[in-house]
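Okay, structure first, notes after.
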Amino acid sequence: MAGNSTYTPTNPVEKWLDDRLPLVRFSKEHLMDFPTPKNLNYWWTFGAILAMMLVVQIVTGIILAMHYTPNVDLAFNSVEHIRRDVNYGRIIQGSHAVGASMFFFAVYVHIFRGLYFGSYKAPREILWILGCLIFLLMMATAFMGYVLPWGQMSFWGATVITNIFSAIPLVGDSLMEFLRGGFAVDNATLNRFFSLHYLLPFVIAAVVALHIWALHVPGNNNPTGVEVSSSRDTLSFHPYYTMKDLFAIVVFFIPFAWFVFFAPDILGHPDNYIMANSQVTPTHIVPEWYLLPFYAMLRAIDFNVLFIDSKLGGVIVMFGSILILFVLPWLDTSKVRSGNFRPLFRPFYWIFVLNFLALLYLGAQPAEGIYTILAKLCTAYYFVYFIVILPVLARIETPRPLPKSISESVLGTAH
Amino acid sequence: MFKIKTIFAAVALASSLAFSSAAPAAEGGGMEAELQNWSFSGLFGTYDTHQLQRGFQVFQEVCSGCHSADLLAFRNLSEEGGLGYTEGQVKALAAEYSIMDPSTDSGERPAVSADRWPSPFETEQDARDSNNGAYPPDFSVLAKARGITQKFPYWAFNYFTAYQEGGPDFIYNVLTNYAEPPHGVEVGDGQYYNAYLGHGISMPPPLADGLITYEDESLPQTTEQYAHDVSAFMMWMADPHLVSRKEMGFRVLLFLVLFAGMMYLVKRKVWANVEH
Amino acid sequence: MATQAKTTATRRDFLYVATGAVGVVGVAGVVWPLIDQMNPDASVLALSSIEFDVSSIEVGQSVTIKWRGLPVFVRHRTEAEIEEAKAVPLSELKDPATDAERTKEGHEEWLIMIANCTHLGCIPVGESGEYDGWFCPCHGSVYDTAGRIRKGPAPKNLVLPPYEFVSDTLVQIG
């Protein structure tokens, strides 16, 4: 809860600062004394992991920008120059590339945690919406970042994705040329993507600040979904959760380091080591793995519906799949938050998880044969889950009895 | 109940990472790749400098006539993590090559260690004209620009074995599988059938038994040996810092595991008096 | 009781201190590469030393080459220029240096200097000025046949880069 401050300045310098800009007071209130539910499990550490990953990406990114050249003739070689000649360049570049994947892995865990435990429900709707906004910004940032090395996948990924804007009626073509700065993806596109790729992470940081502020108004959700009722339910953030989060971050760094040092290219695509060539299309154009589920949904719509052609239909479905997350708090009206107490909800949730993984897999397969029908089925379930299943469940489900309080659920008896 | 769900979730999320992106660049359409043993694979992989030197010899004598290596600098051969040549040897080697340099009177000068490998052709069109319209790809990162496809679950295992040798495996398989086209399969003019790829390519078989004389006469002077060595050399060209990267990685992982252990004890100690 | 509490406190503290120390080592290990990457990279360092063949420079001729991004004068001095340089008494010099100190033994005819005026960095013009050496048009500094400052605002002689003659005709600079 805000306004919990028990801080008193301990010396005249601190008092002088506190009277003018209460930095120390603010840190204590929000980073140390903040009352946090005592029953948070490790799924809750991913918020801190994400904050750490944002710092990692910004730091490594700023350093890469010291050595990278955003020009179509020089970009590819400048990245190789970083890997070969710049001191520790191979590690810094590898960390940035792998870091993007780790960042998305963590964000998916974080989102699916929210979906399971009902963290998006009142009074945390704004928190959830800000999170969706961060997710959208992350995807834009990652997409533009992937274009910068100017490999075949960079170029053709940019071509395909900027192409989808032409699907918009009336303004589509002009919009596409506006985004590209030309008729095709070329130097103008690369330069502006570099500028925006540098800018957006700081926009993300600002939205993250709002996200944490919006969290600190109602306070954290917890695995029971039962709100904090007294100080017996909470612990101060420091040292309990600072140390737990730090531990989780170190553990998270282990697979991160594994990839960076032993398999830096395994999450990428060999075609991106071929310099971009506008006259040669790769056999399979695929985005990075973290964009595959949405790519699958985009491609699933290969049929026209009334006046909406398949290209526009795909765009609507793809953007719709992200936008629908924004309104989730109003779709799932169940008063019970946590999936732990919703026995009917649980199987549908886990099917949703598997369905999302299936979409991820399908996004990487060629758009032919059985894959097309599967992609349509999985896309359908994705939307049916939000538009039909969750609202219906809210009406018909009989939840399990909730514990009276967090401390009761932790201690097992009425305390 | 919670435990099962956690395990299930963990597996689901782990496998989400295992479902990587699509098929690698150029796959063998004709047959399965024969995976090779590479000295540089795995956690403790290192380059065999003698092999790299042999591979460099193959590159110099055979490949560099058509293929450029724009990002290879002569000095890389003598730097740490290089081929083990001395600076003097590299300086002498570089001097045998000419670099186009507009600041000189003649427009050309002998190369120095700091220069990059000169291209065999002045322009891309020259390269195409000499090769039936096909452009011999630059070698600098070619070993990372190729890969092989593997069926599930092998590609999933790769995340744990840190398999990154798809490029050299691909190159080796291409180089050693030139063959007569099978009955009924036609190959275009100026194309050569490759059984691994399952179709013809513009590059004629570049290697043959006895083509190159290695100093080390104990080694078989066969196509397979040459292919193995040049593939290893190409991997080095694409990833010259592989060895120091893996060595650093081992130390970093060890540190992280140790530090994670200590952080876990700290966490437990901090939480010791709290019921949770 | 008091001792027991103290021992427990020290044992607990040891874990925190040890973990903190390990953490600091980890942070240092991460921070160093992030700083070191700004140091000159391998491709720049490769050009930190160059070899130059002086055989094509006639007597009385000067050539300007590039080393580490800086212009460098390589002058093949005439006997007259060498005599003139040697005859100057040290007391007349703002930045005293003998001609021998400005050249290499056995190669006194070669004058190799960084071509930036030591005042504010302009490139002086050769074979001009009243001391038969260089004249800097920016603010009027005058250098003699050994590149020493004789007149004008420049405080020091033209700077000598580190160099060695690896053979009679090949000089390694840097």
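Chain naming here is simple, since letters A, B, ... match the order of the sequence lines and numbering starts at 1 in each.
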Could you tell me which portion of [X] (side chain, backbone, both or neither) has an atom closer than 4.5 angstrom to a non-hydrogen atom of chain B?
X	answer
L40(A)	neither
P239(A)	both
F252(A)	neither
P264(A)	both
R84(A)	both
F104(A)	neither
I91(A)	side chain
F76(A)	side chain
N39(A)	neither

Between [X] and [Y], a side-chain donor and acceptor under 3.5 Å:
X	Y	value
W38(B)	D169(B)	yes
Q191(B)	S202(B)	yes
N76(B)	E79(B)	yes
S244(B)	R90(A)	yes
S140(B)	D70(B)	no
W117(B)	S68(B)	no

Please classify the contact between [X] and chain A as side chain, backbone, both or neither, with a heavy-atom cut-off of under 4.5 Å.
X	result
F160(B)	backbone
V270(B)	both
V266(B)	side chain
Y163(B)	backbone

Verdict with supporting geometry, R128(B) and E124(B), salt bridge (charged side-chain N to carboxylate O under 4.0 Å, His left out): CA-CA 6 Å; R128(B) 286 187 184 278; E124(B) 184 185 318; 3.0 Å; yes
salt_bridge(D85(A), R75(B)) N-O dist < 4.0 Å: yes
Selection from A257(A), A263(A), P366(A) maximising heavy-atom pairs under 4.5 Å formed with chain B: A263(A)
For chain B, the option from L246(A), L235(A), V251(A) that forms the most heavy-atom pairs under 4.5 Å: L235(A)
Chain A interface, residue from V274(B), L43(B), L253(B), D239(B) that has the most non-hydrogen pairs under 4.5 Å: L43(B)
Pick from L71(B), N158(B), V257(B) with the largest number of heavy-atom pairs that fall under 4.5 Å of chain A: L71(B)
K246(B) to F261(A), cation-pi by 6.0 Å centre distance and 45° axis angle: no
Stacked cation flag K151(B) on W155(B), 6.0 angstrom / 45 deg: no
Side chain to side chain donor-acceptor pair (under 3.5 Å) involving H110(A) - partner list, sequence neighbours excluded: R113(A)
